[in-house]
Amino acid sequence: MAKNITPRATDYSKWYTDVVIQAKMADYSPVKGSMVIRPNGYAIWELIQKYLDQMFKDTGHVNAYFPLLIPESFMKKEAEHVEGFAPECAVVTHGGGQELEESLYIRPTSETIIWSMYKKWIMSYRDLPILINQWANVMRWEMRTRLFLRTSEFLWQEGHTAHATAEEAEEETLKMLNVYKIFAEEYLAIPVIAGRKSESEKFAGAVHTYSIEAMMQDKKALQAGTSHNLGQNFAKAFDVQFQNKEGGRQYVYATSWGVSTRLIGALIMTHSDDNGLVLPPKLAQRPLVIVPIYRKDDEKTKVMAYADALYRELSEKHKVIFDDREQYKPGYKFAEWELQGIPLRIEIGPRDVENNKVVLVRRDTMKKDFVDRQAIAAVVDETLPRMQGEMLERARAFQKANTHKVDSFDALKEIVSGDGGFVNAHWCGDAACETRVKEATKATIRNIPFDREEEKGACVCCGKPSEGRVIFSKAY
RNA sequence: CGGGGUGUGGCGCAGCCUGGUUAGCGCACCUGCCUUGGGAGCAGGGGGUCGGAGGUUCAAAUCCUCUCACCCCGACCA
């Protein structure tokens, strides 16, 4: 039905790109690997920012801004960090026509520059905690990029906190992961599994990394957010110490956490269909469109008056699109707004005026309902939140249906290389087993879920004792 | 870095092998008419020197040499 969009069943990856481009969310830029976020895409990012920013502030955080450029020497202070990030950094070597004394890295993440500043700001336990977030762009020189999911430059927020004790840092790390989980589920309508990353998958420089993992419609996993307990690694690298109540000196404990424009990719791949984007109502800046339908002039007069009155009424509470363009026929408009994911469409034609009704169409189910004119405002107010909830439940059911308990290596391999999905399997904790699975199946351990059952078992790979199941899956 | 491929109006392509009128088609765009309950139709119109450089030739989008860019697969990353 939709022109120009490859069906999911034909080529999922192509479908994704088609939706992004056709719905005018993003476009390729002249620079390889970087994209332009167009108004339709940026509107989603603005809402993500709005909601998350409030959630950060409600949990005691404040915003600040640190510079884009980081001295090379800073990047090299934390051993694991430099090893993890140096290969994928862009580096500025010239400025003002001169070669620089010291090269400047375009931030791939801001731990180093921020901790160089925290050193100046933290003297005493009275200066702690520091709970700072920043909204920024970062750059990672990825070899293979995809719109929203992995671009060289991307937008994100990064929280960087400093604490007096290890316990407090761990508490903060988990608290923010939970904020992400709530945000993903209640706003993006994306069910996620929160858990701890294995050693090999954790952030370069972290003690523990936690993540939320979502399942896309092709049953692959997408890491949707991470929260890191950095321990004293960065405090030691940048020599950030404070004096405690007892007068002793000790290193500060750190956390960092972030989500990025990748969430827009997650949103698309979780809910959208072969007709284009499907947005959960909370992520739609404009949740409603009104399409008038008429043939003759006298019909037009009546329909437009009727539609305009409704437009005014609904506009009191919602941002409504009134599509009164003359050059397009209704069918074209339907297709266009479906492509762009507008949650609710109201069609008004002569018959509706006659019967004192309107036609209401939900984007997620495509179901059409005839609604009494008097009731429409109330029905809209009731439908939007219901749609939000049903989208989450539908995604949750899909995730559940494609998650499999497995107790042998062969069974794991069969699922991963066959139908796909999440595999719940025992793992002994040994990185060697993790690597073996990855090499045999391309699946990695997504995380060790917090809410996993207490269950003794045998590692699916080596047979040694395991404390519980972890999630294996192919991932983006 | 290895393998494969592509560069021709905004987008998608044909033409190239076998050089030869004014470089063609679909979509999009503009104007008018006509239409409007699932992406209408007709007529008219604007827009490209064929990625770049050099060469062969009376003549090059087409043949030759060099060069640049991008895409796909792999490796890498997630």
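Within every chain, numbering begins at 1; the chains are lettered A, B, ... in the order of the sequence lines, protein sequences first and strands thereafter. The structure displayed is predicted, hence computed values, not measured ones.
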Atom CD of A/Q327 to atom P of B/C33: distance rounded to whole Å? 15 Å

In whole angstroms, how far is the P atom of B/A78 from the CD atom of A/E434? 12 Å

Among B/G37, B/G39, B/G38, the nucleotide that comes nearest once only the side chain of A/E336 is considered: B/G39

Taking B/C33 as the reference, what is the distance to B/G37 when you measure between their C1' atoms (whole Å, please)? 23 Å

Let's see if you can work this out: which of B/U36, B/G38, B/A75 has an atom nearest to the side-chain heavy atoms of A/E338? B/G38

Would you kindly compare A/Q223 and A/K296 by the position of their nearest RNA chain B nucleotide and give the one closer to the 5′ end? A/K296

Taking the P atom of each, how far is B/U65 from B/A23, in whole Å? 27 Å

Can you tell me how the ring of A/Y328 sits relative to the ring of A/Y332, calling it parallel under 30°, perpendicular over 60° and tilted otherwise? parallel

Select one nucleotide: of B/A78, B/C29, B/G37, the one nearest the side-chain heavy atoms of A/Y328. B/C29

Residue matched to B/C70 through Watson-Crick or wobble contacts both under 3.5 angstrom: B/G5

The side chain of A/E347 lies closest to which of these nucleotides: B/G37, B/A75, B/C77? B/G37

Which value, in whole Å, describes the distance between the C1' atoms of nucleotides B/C29 and B/G47? 9 Å

Which whole-number value in Å describes the distance from A/M216 CE to B/A78 P? 18 Å

Rounded distance in Å between the P positions of B/G10 and B/G5: 28 Å

Distance between P atoms of B/C11 and B/G54 (Å, rounded): 26 Å

Under 3.5 Å on both distances, the Watson-Crick or G-U partner of B/C25: B/G12

Students often mix this up, so state it plainly: with edges at 30° and 60°, are the rings of A/F183 and A/Y51 parallel, tilted or perpendicular? tilted

Please determine whether any donor N or O and acceptor N or O are separated by less than 3.5 Å between the side chain of A/K329 and the base of B/G41. no

Under 4.0 Å, counting only non-hydrogen atoms across every strand here, what does A/V359 touch: a base, just sugar-phosphate, or nothing? base

Describe the nucleic acid contact of A/R140 in one word from base, sugar-phosphate, nothing, applying a heavy-atom distance below 4.0 Å. nothing

What is the ring orientation for A/W257 with A/Y180, classed by angle as parallel under 30°, tilted 30 to 60°, or perpendicular over 60°? perpendicular

Do A/E158 and A/T109 touch side chain to side chain, with heavy atoms closer than 4.5 Å? yes

Would you confirm whether the ring centroid of A/F85 sits within less than 6.0 angstrom of the ring centroid of A/F203? yes

First of A/R345 and A/A475 reached from the 5' end of RNA chain B, by closest nucleotide: A/R345

Nearest-Å distance for atom pair OH/C1', residues A/Y332 and B/G41: 17 Å

Please classify the nucleic acid contact of A/R325 as base, sugar-phosphate, or nothing, using heavy-atom distances under 4.0 Å. nothing

Going by purine N1 to pyrimidine N3 plus the second Watson-Crick contact, or the G-U wobble pair, all under 3.5 Å, which nucleotide sits opposite B/A60? none

Can you tell me which nucleotide in B/U36, B/A78, B/C77 comes closest to the side chain of A/P330? B/U36

Whole angstrom is fine here: how far is it from CH2 in A/W141 over to C1' in B/A78? 18 Å

Run the side chain to side chain contact (heavy atoms under 4.5 Å, CB included) check on A/V380 and A/L288 step by step: do they pass? CA-CA 9 Å; A/V380 163; A/L288 281 162; 4.0 Å; yes

Rounding to an integer number of angstrom, what distance separates B/A28 and B/A61 when you compare their C1' atoms? 24 Å

Taking any heavy-atom pair under 4.0 Å as a contact, classify A/P292: base, sugar-phosphate, or nothing. nothing

Measure from the ring center of A/Y16 to the ring center of A/F148 and say whether it is less than 6.0 Å. no

Strictly by Watson-Crick or wobble contacts shorter than 3.5 Å, is anything paired with B/A53, and which nucleotide is it? B/U65

Separation between the P atoms of B/U62 and B/U21, rounded to whole Å: 14 Å

Sticking with atom C1', work out how far B/C76 lies from B/C1, rounded to a whole angstrom. 11 Å

Between A/F154 and A/W156, how do the two ring planes meet: parallel, tilted or perpendicular, split at 30° and 60°? perpendicular

Here the distance between atom P of B/G12 and atom CG of A/D18, to the nearest Å, is 12 Å

Send over the distance from A/E439 CD to B/A75 P, rounded to a whole Å. 12 Å

Which listed nucleotide (B/G39, B/G37, B/U36) is nearest to the side chain of A/R295? B/U36

Nearest to side-chain heavy atoms of A/F334, which nucleotide of B/U36, B/G38, B/A78: B/G38

Can you check the A/I293 CD1 to B/U35 P distance for me, whole Å? 18 Å

Which is true for A/K438 with a 4.0 Å heavy-atom rule: it touches a base, it touches only sugar-phosphate, or it touches nothing? nothing

